[in-house]
Amino acid sequence: MKNHDFFKKMKNTLQRNSLFWQMAGLMFVGVTVACALTLVVALRVSEKIYLDTVSKSARQSLQQVTEKMNMQNQSNVTAITELRTHWASRSYLTSKENTSVRSSYTMFYFTQLVKSLGFTDDTLLPTLILASSDGLVYYTGGYSGISASSHTILQAQFTQKAKEEPQKIQYFFTEEPLSGRQDEACIVVSAAMCDGSGRAPYGYAYLVIDQTMLKRFYAALSNASSRLMLLNDAGVIVSAEDATLIGTKQPALLFAAKKMEAGQAPFVSSSLQNVPVSVVSQSVGSWGLHAVSAIDDGAVISMLRKSSQLAIWISVVVALCAALFLFIAIHLRTRPLQKLVEQMRQASEHTTFEELPVSGGYEVRQLTGAYNVLVQKIHEHVAHLIEAEQQKRALELRSLRMQINPHFIYNTLTSIKLLVWQQKTEIVVAALDRFTSLLRNTISNDADIITVAEEIQSLESYIFLQKIRFGENITAELHADEATLQCLIPKLILQPFLENAFFYAFPQEQKGSYIGVFIRIHAEYLICEIIDNGCGMQTEQAKSEHRSTGIGINNVRERLRLLYADKSAVDVSSTLGKGTSVRVKIPLHTQNEPDTTR
């Protein structure tokens, strides 16, 4: 008996958790297969990425640098050869005649020659310097000029080398800047100006290539893990992205570069600034330099880690494929539960609740049944709350509006009584007609929301009645844009402010008193402004309750709050002796669209 009860309990437990056991079994098989496949793929991909990154990428970058520098060397040789052979450059450097005609003639053709060779003030081109044996110096480079004297240039090592081998065009690295463009080390291309007859040179030509131009050869190909630089045969770094390296001697780097160029290894291990690097190098023979790529070993390790990450991502993709298969299988078994979850999610976002058909496994049927009972109770409770809130809102609005009705009725009847005492029968009749119309619009009509046109009609009647009392001393005008006439506005929302202006803005009756009501549309709001040029108020009074008539700004604000929540505003600004401005802002609604406030 005990065994029977035990197996029965086990059966019920498995039945209640059948979905879990099915999912657990399928997921275990899928994940095991995915992990096994991913491990094999990750090892092979990591090895391939390492080999490709170190060998191919560095060699291709250096090949591009070498090609660019060889092209620039061809341009340099062409320019110097043209300068050597052209009569204008020789005449410019050797002519002793000072006649203006001859000098101007030579200078004109010499200038044309320089321009034809492409030497301008562009900072991305070499600076041309010509020096005669007598010290005459010509240069390009605009206002920057040259930073070395003619004597210094003629005594420099590159000039002496050019004098010793006048037929050669030679490259020299100097840390003493010649061009005034930048105060930094540069490369000088020097050549003796001679005619090939064996006589002494009559001058020297120099092309100054600064760091800006040198970095153009390799800057776009350099990165944080593979730093490109130029190294001369003395082991001195001629140019590098890191300015602190320029001019430093790196014999270990030179040894590795020469070993690499000799073809003894795909790359050579070395160090730079006490950091282990792998060196890939290519000779730039025309310049007497070595284009070097110093690959940071730490960066290479980082690349391997990234390749491992790639393998992990591949594993994830494989696992996702397996999971997709599992998802389809599980989805067929748990579709009712998914519907329940989706319905609950939509309910949390949109506050809508709908009952669901009861189907699926044991767990799903239990959840769906409980959910449907909960939905029924929520519907009943929400309906009760909505009905109670609507009744409460209607009572509050009616109460607030009834605070206004007795007040302006009392004031109006007082004005008509004065007319009766004065025996002005015709005016009394007109006033009663206006008063009847005003009562019809405000009291008989139970609607809380009316059109602007209807509100203006009520305000016109009210102004007529007030003018009976105050005469022509106060001018009141209504201005409403045509587009606002069919817009919706709470009834009697402007009348309290208009009444306040009549009764309190002008304590001493005088001509020129003015009250203006302006209604317009701004963005998605209806803007109503009541402006007077009366006595004004202090700032504190304007912020608190306007001029009190027993109604005031708080009544209006409370009605607007009930109708529009926080989408409306009432602002009062006033200056003593200048007047008061009341600005009412409410959301824009028209008769042609549904108004949730009605």
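Note that the structure is predicted; figures quoted are calculated from it, not measured. Just so you know, residue 1 is the first one in the sequence shown, and it goes up from there.
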Q | Backbone N/O of M69 and side chain of N73: donor-acceptor pair under 3.5 Å | A | no

**Q.** For T85, side-chain hydrogen bond (donor to acceptor under 3.5 Å, both in side chains) partners two or more places apart
**A.** none

Q | All ring pair (Phe, Tyr, Trp, His ring centres under 6.0 Å) counterparts of F110, not counting sequence neighbours | A | Y92, Y138

Q. If you take all heavy atoms of P166 and R84, which pair is closest and at what distance?
A. O-NH2, 2.8 Å

Q: Kindly give the heavy-atom pair with the smallest separation between G536 and T580, and that separation in Å.
A: CA-OG1, 3.6 Å

Q. Who pairs with Q155 by side-chain contact (heavy atoms from CB on, under 4.5 Å), at least two apart in sequence or on another chain?
A. H151, Q160

Q | R520: salt bridge (Lys or Arg N to Asp or Glu O under 4.0 Å) partners, not counting sequence neighbours | A | E529

Q.
Is it the case that the ring center of W287 lies less than 6.0 angstrom away from the ring center of F217?
A. yes

**Q.** Pairs satisfying salt bridge (charged side-chain N to carboxylate O under 4.0 Å, His left out), at least one member in residues 224-249, at least two apart
**A.** none

Q: Any chance you could measure T174, atom OG1, to I187, atom CD1, to the nearest 0.5 Å?
A: 10.5 Å

Q: Taking R583 for its side chain and C528 for its backbone only, find out whether a donor-acceptor pair lies under 3.5 Å.
A: no

Q) Residues two or more places apart in sequence or in another chain: which of them pass salt bridge (Lys or Arg N to Asp or Glu O under 4.0 Å) with K163? A) none

Q.
So does E261 get a backbone contact from the side chain of S281, meaning a donor-acceptor N/O pair under 3.5 Å?
A. no

Q) Which word best sums up how the rings of H589 and Y564 line up, parallel for under 30°, tilted for 30 to 60°, or perpendicular for over 60°? A) parallel

